[in-house]
Every structure is written in structure tokens, then in C-alpha cells.
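Atoms considered below: every heavy atom in the structure, side chains included; atoms not considered: hydrogens, waters and symmetry mates. Numbering of ligands and ligand atoms starts at 1, following listing order.
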Amino acid sequence: MTGRCPFGSRRGFLAAAGGLAGALGAGQNRAAAVDSTAEKGISVAGQGVARTATEPFWGERQGGILTPIQNHTYFAAFDVMTDNTSDIVALLRAWTEAAARMSAGQTAGPLSPDLKGPAADSGEASGLAPARLTVTFGFGPGLFTKNGNDRFNLARLRPEALIDLPGFNGDQLIEARSGGDLSVQACADDPQIAFHAVRQLANLTYGKAQMRWAQSGFSANFAAEDTPRNLMGFKDGTQNPIARRPVERSKGISTSNPSNDDDVVWVGNEGPVWMRGGSYLVVRRIRISLEHWDRTDTEFQEQVVGRHKLSGAPLGGKDEFDALDLDATDKDGNPIIPEDAHVRLAAAASNDGAQILRRAYSYNDGLSFTAERWPPWRQGTLFDAGLLFVAYQRDPRTGFIKIYEKMSKLDAMNQFTTHVASGLFAVPGGVRPGEFVGQRLFDAG
Ligand code: HEM
């Protein structure tokens, strides 16, 4: 299926490129450097994993969900432009093949030996190592029905869990930057690898789909045993049902529920066959008012989050992994973790046990020149930066919606955050060799 070509590897691209090799010489040297560090067992990526490492593409489940978080992401949502089922199937087939190749460190498609004509790969990943690239595909509601039109005879197969997300208190969603019929999330330890992957997949959509919105993100180079910090300066991901397991293990903390991911993340027999082993992705672009946050007292910030800033410990605790004590009160009888603290409202104990797997990235899109102030105050500029919130769950109705409904009204963090983009996507089960992503859906259609 991956149609190997002697010039299909990224290093082969350089060899094939002849005259081009001079221009790409720096990349070639970099590839050699990476290879040699791998041979010596020296890791070159921030999370202690060599950039030469790959993540599997084929399997029972798609990558990029339980995969230990990579340092960079590029997320894109697409509108499908065709009404022709065979076009969509051809696109998903081409996407599958290209994603599998790129995850293995190859070019998106086989290159012709003489590099004549438009190439099957734009070339900017040539000489770069795979950097643990994962590509995760999702299907939005519009793939099933669009404006009442059952374009692909899939309407009856739309899972109940793939609902239209309700509006939440405080939402300021920009429609043109929300939703989408198809989603692609590339994650890698190298930003150029993540962007390259989505760029190649976007090239394959020509005449069939077009990009609706996209968002890049980063997660800092913390050591594997440390929880990354978000732009608010707090550790983010401490209380996560699965992702913290390596952290717990490295600190000798026992993992309470080893099968938690089945309960929280993966669709089981309650879902259609094509969704089993899949999950539901909620993505929200959440702008953080960094200027406002940075002028706020640290003690107040800690009250807002419900955790200490430096250690990440819950208020009233000492260690990052201490359990939240939601019943603890001070000498005056006030709760130590305030009633409106983010972690109190988000905790499973406050939501009838509801949990989600968060896999968020920070984003930074420069400045916004629209400041909501009026003379005589100075018109200002603000960072357009925040959190690309990414959460996976078995069912959004009992996951994100259940948890966020109340948070959107009561969370003290809402003073500093605004949700400006949103999407819900059904992420089908993994792809077996010889299949294309979502094939079992189209077979049933
Ligand atoms: C800019 C937006 C957000 C920021 C900066 C943020 C930050 C944080 C931080 C610092 C923590 C504590 C550390 C941890 O356990 O990971 C946390 C926990 C959590 N957050 Fe958020 N968060 C944001 C949005 C959201 C949203 C929209 C949800 C929606 C459901 C959410 C759900 C959770 C959950 C479930 C926890 C774990 C609570 C627990 O069980 O202790 N967060 N978040």
C-alpha cells in the first residue's frame, strides 16, 4: 500500500534531487547529524526521545491520542466540496497512504527519479527525521449531512454522540474558524514536520475539499517526567486519566486504574463498528488575556486555578500529585480550594465521575490589534495567544459537555479566557494495513 520507491525516503529525495542537493545541503547535514546522534543513543528532542523515533501509524487505534505528547502540533479542519462519494473515498485513501509514509519518515508520495513536474512532496521535510509524527483524522457532522443534504448516503450512520455542540456561556466563536467536515491533527517533535504533514494532505484535497481553519500549537520541551506548563505559567495535564501515567511511574506513584482509557477515551460496543476503538475529539481555541493575567497577584492566580503555581500541588497540598481535597476548609470554614476554582469545577468528583483526556497545546499567533477599550484610554494591542484545548473522550455528552456546561458559567478562570473557535469530530478506530481511514464507515454506507 505504501508503494515504495527508491527515491521515496526523505533522504532519497536529497539523493534524487541532484542539483537541488546543494540548496538543501544544510538539511542533508542535519539528517546526517541526527542519524549519528541516534547511533550513539543521544536524544535530540526535548522529551528525551530521539527525533529519529517514529510512532506507529497502523493499528487498532489512531496515533496522537495516547501517544506521549509531542512538542508541536498543526491542526486543520476541512470543508468537503464534492458531492461524490468516490471522491471522498479517493481522498481518504490518498490521505491514509501519505500519512503512513510520512509517519515512517518518507516523502508523502513516491518521487520521480528526475524530479520533473510537480512533485508528490513539497520537500521541506527532506533531511529531517520523523520526529514522532502522528496524524489523527476525524469526521465532523458535515460529512454526514450538510445543509440538510445527505451527500454521501451517510446520514443514517451519524453516531448519536456526534451531536452539534451546544453553545456555552461566554462563547465568542468565529464561525469561519470553527467546525469542519474533516479534521487532521499532525503532532511531531519538530514544527516543520507537523506543518509539512498537513500541507501535503491539503495538497491532496485539490478539487475535493478545502481548508476551513487551522491552528498551530506548541508544548514546551519539558523533561518526560515533568508536566508541561501552559502560558498561564501553571502545570497543565497533572490530573489526566492516562497521560500522566509515565510521570506517575517515574515518581514511583502507583497507577490506580490501568483500564481507565477504555472507560474514558475509547468508544466500545455502544458505538457503530467503524467507531469502535475510536474516540471523539473536542477542540477549542481559547484565547487567554495574558496581559490581564500577568498583572494579577500570584495568590489570586492560585485561587483561580485551585493549585499552587510552582509545585502544581492542589491548594492545601504539598506535592503535584496529592489528591484534591475538595472538603478541606480553613479555620473560618471556607473551602481551601475555592468554590469557583478551575480544578474543583473540572474534577471528576464534581461531575458525577465524568472525565476526559486532555492533550492541549499553547498557541501564539502574534498580536491582536482590536482592543476592547475606548478613549480616553489608550487603544492597545494584545497578544493573540492562549490554549489550543484538545480533549478526547468516549462520548462528548458525558465528557466535555457534561464538564464544561457548569464551568462555562462558574469557573473563575473565565475572567481571563475566551473560547473563539470550536469543533467536534468523530475520530474513527485505527487503520489496519490495506485499509483507508474510516473505510468501515464507507463500507456500511
Ligand atoms: C485556557 C484554558 C484553560 C487553561 C489555561 C486550563 C488550565 C488548567 C490547569 C492549570 C489545570 C490544573 C492542572 C491539571 O490537572 O492539569 C487544569 C485542570 C483541568 N482542566 Fe483546564 N484549563 C483550561 C480550559 C479547560 C477547559 C475548557 C476544560 C473543559 C472541560 C478543562 C478541563 C480541565 C480538567 C478536567 C482538569 C483536571 C481537573 C482535576 O480533575 O483535577 N480545562 N486546567
Could you list all the side-chain hydrogen bond (donor to acceptor under 3.5 Å, both in side chains) pairs where at least one residue sits in residues 325-348, not counting sequence neighbours?
-> H342-D411
Between ligand 1 and the protein, tabulate every N or O atom pair separated by less than 3.5 Å, reporting distance only.
from	atom 1	to	atom 2	distance (Å)
ligand 1	15 (O)	Q239	N	2.9
ligand 1	15 (O)	R358	NH2	3.4
ligand 1	16 (O)	G237	N	2.5
ligand 1	16 (O)	T238	N	2.9
ligand 1	16 (O)	R358	NH1	3.3
ligand 1	16 (O)	R358	NH2	2.9
ligand 1	20 (N)	H342	NE2	3.0
ligand 1	20 (N)	R358	NH1	3.4
ligand 1	22 (N)	H342	NE2	2.9
ligand 1	42 (N)	H342	NE2	3.0
ligand 1	43 (N)	H342	NE2	2.9

Examine W213 together with F75 and report whether their ring centres are nearer than 6.0 Å.
->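 Aromatic pair counts; centres sit under 6.0 Å.
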Just by distance, with hydrogens left out, do R285 and Q215 show a side-chain donor and acceptor under 3.5 Å apart?
->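 Note: R285 and Q215 side chains meet the donor-acceptor criterion.
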Contacts of type side chain to side chain contact (heavy atoms under 4.5 Å, CB included), residue A155, not counting sequence neighbours = T145, D150
For D352, enumerate each residue passing the salt bridge (Lys or Arg N to Asp or Glu O under 4.0 Å) test, keeping only those at least two apart in sequence or located in another chain.
->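 In terms of salt bridge (Lys or Arg N to Asp or Glu O under 4.0 Å), with neighbours along the sequence ignored, D352 is linked to K402.
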Close side-chain approach of R276 and E60, heavy atoms under 4.5 Å | no
